[in-house]
Amino acid sequence: MKNAIAALLLAALSLGAAGEERAIVKTVTVKAPVDEAWKAWTTAEGIRTFFAPDARVEARPGGPFEIYFNPYAKPGLKGADGMVFLAVQEKRMLSFTWNSPPYMPEVRGQHTSVVVRFEPAGEAQTRVRLTHSGWGDGGQWDQSFAYFDKAWGNVLANLEKRFVEGPRDWAPFLKQMKQFQDAEDAKAAAGK
């Protein structure tokens, strides 16, 4: 009987561990009041200061949260095309859908979710906490998880840098993206 109870307990514990949701959690404290940190995430102008060279953002449930890493690409391949806000709690929390990069087609069409929380952290400082969840397991899910574990750290570092050094200058990046896209378009035209 003792062994049966121990086996049941072990099985229950392993089921709980297997069912545990994995998530990426990143936190940064920026040298800006909550109002400014909030605007950086909830306006296209703010997004362009640290996150990506272009965006379509309407901070309301169901509103677009489209972040364009390659504004020259075809629709659907620009970056976070078709993503939307799920919830908005003014100057406290926002959540949105998210997708994997275009080169991960097995999982790109399946959306995960991101929650960003804002908390005052002293005079003219804000703690920003990002949690990305909703991951599948194996294959490109694991690749996407690893990719975003690094990428979200970079995004938050850019947010921090934005409030210390000023908005990011996307001109050199855009020049590279334009050259890349022109080459891709030329290859596609030659293949037809």
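Keep in mind that what you see is a predicted model, and the values were worked out from it rather than measured.
A salt bridge between Asp137 and Arg22 is present, with a side-chain N of the basic residue lying under 4.0 Å from a carboxylate O of the acidic one. Under the 4.0 Å criterion applied to side-chain N and carboxylate O atoms, Asp35 and Lys39 are not assigned as salt-bridge partners.
Classification of the Tyr103-Tyr147 ring pair by plane angle, with boundaries at 30° and 60°, yields perpendicular. Using cut-offs of 30° and 60° on the angle between ring planes, the pair Trp98 and Phe69 is perpendicular.
Residues Thr49 and Arg162 have side chains that bring a donor and an acceptor to within less than 3.5 angstrom of each other. Using modelled atom types and a 3.5 Å distance limit, the side chains of His132 and Trp152 yield a donor-acceptor pair.
The main-chain N or O of Pro71 is found under 3.5 Å from a side-chain atom of Lys78 such that the two form a donor-acceptor pair.
Rounded to the nearest 0.5 angstrom, Met83 CE and Ser113 OG are separated by 11.5 Å. Rounded to the nearest 0.5 Å, atoms CG (Asn70) and NZ (Lys178) are 9.5 Å apart.
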(request) Let me see the working for Arg56 and Asp81 under salt bridge (Lys or Arg N to Asp or Glu O under 4.0 Å), right down to the final yes or no. (result) CA-CA 9 Å; Arg56 183 171 161 243; Asp81 304 69; over 6 Å; no
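With sequence neighbours excluded, the residues forming a side chain to side chain contact (heavy atoms under 4.5 Å, CB included) with Val88 are Trp38, Pro61, Phe85, listed by chain and number. Evaluation of the side chain to side chain contact (heavy atoms under 4.5 Å, CB included) rule for Glu36 yields Ala32, Pro33, Phe163 as partners, not counting sequence neighbours.
Taking hydrophobic clusters as Ile, Leu, Val, Met, Phe, Trp and Tyr residues chained together by side-chain heavy-atom distances below 4.5 Å, Val114 does not share a cluster with Val84. Hydrophobic cluster membership is shared by Leu156 and Phe51, with clusters built from Ile, Leu, Val, Met, Phe, Trp and Tyr side chains linked at under 4.5 angstrom.
Side-chain heavy-atom separations under 4.5 angstrom define the hydrophobic clusters, and the remaining members of the one that includes Phe173 are Tyr72, Trp170, Leu174, Met177, Phe180.
Cation-pi geometry between Arg127 and Phe118 is not satisfied (NZ or CZ under 6.0 Å from the ring centre, within 45° of the ring normal).
For CZ of Arg108, the number of neighbouring non-hydrogen atoms (other residues, nucleotides, ligands) closer than 6.0 Å is greater than 12. Applying the 6.0 Å contact sphere to CZ of Arg92 captures no more than 12 heavy atoms from other residues, nucleotides or ligands.
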